[in-house]
Amino acid sequence: MKSRRWVQIGFFLFIAAIAVNHGLTEAGGGISWIPNASLHAICPFGGVVTLYTYVTDGLLIKKIHESSLILMGLVLFLSILVGPAFCGWVCPLGSIQEWIGKLGRKLMGKRFNNLIPNRADQILRWLRYLILIRVLMVTAQSVQLVFSAVDPYYALFQFWTGEVAISAIVVLLVVLGLSLIVERPWCRYACPFGALLGITNLFRIFAIRRKPATCIGCKKCNAVCPMGIEVSTTTKVRDLRCITCMECTSDAACPIPETVELLGGKPNEN
Ligand code: SF4
Ligand code: SF4
């Protein structure tokens, strides 16, 4: 879907510009017309990890700003409406994994996305929930931003500043390397924020729906899904992994118009 590509590129460049300008400003340089905010200040997951401390003590954990709480609220509201569109359209780490995945698809051919056995995939997809629970618990106990030590999102834009832990750079390199053999490995198996947003797929107002009456069972919708969801076997996608990328609704995927759509209300079984 071309419009999504351009939105992803736009957000990637916007966030990269802010991150680089912040680093330059800290070093005494910086460009006045580019916003000067730290990556932590524009990360909605910062709002999630500080929420417990904020509610119980009225305090933000170190390095987190109130802007993170506002962004968290906006992203959660959007997710309740249309699901985790933040992951599919905005998150630069998700975008770069997808772009590397396109190269991987060319290099690996049919082996791309097929090297991890189904059983292992089904088990591994719960790992991100364990990570979410662990990050929330340790952050609440320590009142420190513990996740930044392994956060590939932070490492992606700050690796050149000397402020990033080696462990985060290693995680970033592993994620980018794995993106050559499996689509969005961090999103599928490890991202705690994606795990949280994914829960909204169970009750989101506008959902991805398939009309069985017009579906011809070609399974092209399954093939384009970056999260490995079998759209062709459901009438309403409730899978926790859906990132509302809308690839399955595109005319380039499903050959029958209006068979897979983003719709509110009750599922159309006709
Ligand atoms: S089900 Fe559709 S919208 Fe959801 S992740 Fe897969 S392709 Fe994207
Ligand atoms: S691409 Fe369209 S016609 Fe083909 S299986 Fe999916 S919903 Fe059915």
Side-chain angles (χ1 to χ4, degrees), residues 1-9 11 75-76 78-102 104-105 112-114 116 118 121-122 124-126 128-129 179 182-265 267-270:
M1 191 186 251
K2 275 192 186 151
S3 54
R4 189 171 74 94
R5 305 279 175 276
W6 286 113
V7 172
Q8 287 178 300
I9 291 169
F11 274 110
V75 172
L76 284 177
L78 178 71
S79 301
I80 290 166
L81 269 184
V82 296
F86 173 83
C87 306
W89 294 70
V90 178
C91 178
L93 186 61
S95 301
I96 197 167
Q97 289 173 87
E98 256 185 58
W99 298 332
I100 293 174
K102 287 191 189 309
R105 215 174 265 278
F112 183 74
N113 264 347
N114 282 320
I116 298 179
N118 272 350
D121 174 78
Q122 279 167 8
L124 281 173
R125 69 178 69 159
W126 294 103
R128 59 183 190 157
Y129 287 95
S179 299
V182 61
E183 194 141 24
R184 282 182 170 250
W186 176 259
C187 315
R188 284 181 184 223
Y189 305 125
C191 181
F193 194 42
L196 179 68
L197 298 183
I199 295 170
T200 63
N201 283 315
L202 298 173
F203 53 84
R204 54 193 268 191
I205 294 168
F206 292 89
I208 303 290
R209 299 177 193 276
R210 182 187 64 98
K211 285 185 197 149
T214 50
C215 173
I216 56 171
C218 65
K219 300 187 179 174
K220 287 185 179 170
C221 48
N222 302 351
V224 296
C225 178
M227 299 301 283
I229 298 168
E230 293 211 354
V231 183
S232 69
T233 58
T234 185
T235 53
K236 178 181 179 183
V237 174
R238 286 194 183 86
D239 195 302
L240 301 178
R241 294 169 296 166
C242 179
I243 53 171
T244 318
C245 65
M246 309 283 289
E247 295 294 335
C248 58
T249 65
S250 122
D251 290 346
C254 180
I256 314 295
E258 298 176 7
T259 294
V260 187
E261 292 180 288
L262 179 73
L263 292 171
N268 186 350
E269 307 285 349
N270 300 318

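First listed ligand is number 1; within each ligand, the first listed atom is number 1. Note that this is a predicted model, so its numbers are computed, not measured.
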Measure from the side-chain N and O atoms of [X] to the backbone N and O of [Y], and report whether any donor-acceptor pair falls under 3.5 Å.
{"X": "T234", "Y": "E230", "value": "no"}
{"X": "K236", "Y": "I208", "value": "no"}
{"X": "R128", "Y": "C191", "value": "no"}
{"X": "R241", "Y": "M227", "value": "yes"}
{"X": "N201", "Y": "R238", "value": "no"}
{"X": "Y129", "Y": "A195", "value": "yes"}
{"X": "T244", "Y": "V82", "value": "yes"}
{"X": "N222", "Y": "S232", "value": "yes"}
{"X": "N113", "Y": "V182", "value": "no"}

Hey, is there an N, O or S on C254 sitting under 2.8 Å from atom 6 (Fe) of ligand 2? no

TODO: Compute the minimum heavy-atom distance from V260 to ligand 2 and say whether it is under 4.0 Å.
DONE: yes

Measure the distance from [atom] to every protein heavy atom, then report the residue, atom name and distance (to 0.1 Å) of the closest one.
{"atom": "atom 3 (S) of ligand 1", "value": "M246 N, 3.3 Å"}
{"atom": "atom 6 (Fe) of ligand 1", "value": "C225 SG, 2.3 Å"}
{"atom": "atom 1 (S) of ligand 1", "value": "V231 CG2, 3.7 Å"}
{"atom": "atom 4 (Fe) of ligand 2", "value": "C218 SG, 2.3 Å"}
{"atom": "atom 2 (Fe) of ligand 1", "value": "C248 SG, 2.3 Å"}

**Asked** Does the distance from a Lys or Arg side-chain N to an Asp or Glu carboxylate O, for R188 and E98, drop under 4.0 Å?
**Response** no

| query | Any ion pair linking R4 and E247 (charged N to carboxylate O, less than 4.0 Å)? | reply | yes

With a cut-off of 4.0 Å, which atoms of ligand 2 are near a heavy atom of [X]?
{"X": "G217", "result": "5 (S), 8 (Fe)"}
{"X": "I216", "result": "3 (S), 8 (Fe)"}
{"X": "C221", "result": "1 (S), 5 (S), 6 (Fe), 7 (S)"}
{"X": "S232", "result": "5 (S)"}
{"X": "K219", "result": "4 (Fe), 5 (S)"}

So for R210 against ligand 2, with non-hydrogen atoms under 4.0 Å, the contacting part is side chain

Any heavy atom of T259 under 4.0 Å from ligand 2? The part involved is side chain

Logged contact type for T244 with ligand 1, heavy-atom cut-off 4.0 Å, is backbone

With heavy atoms and a 4.0 Å threshold, my read on which part of R241 contacts ligand 1 is neither

Below 4.0 Å from any atom of ligand 1, is there a heavy atom belonging to I243? yes

Item to complete: Give a yes or no on whether C245 keeps an N, O or S atom under 2.8 Å from atom 8 (Fe) of ligand 1.
Response: yes

A student checking ligand 1 against C242 at a 4.0 Å heavy-atom cut-off should list atoms 1 (S), 3 (S), 4 (Fe), 5 (S)

Correct closest heavy-atom pair for C254 and C248 would be CB-O, 4.1 Å

inquiry  = With a cut-off of 2.8 Å, does C215 put an N/O/S atom close enough to atom 8 (Fe) of ligand 2?
reply    = yes

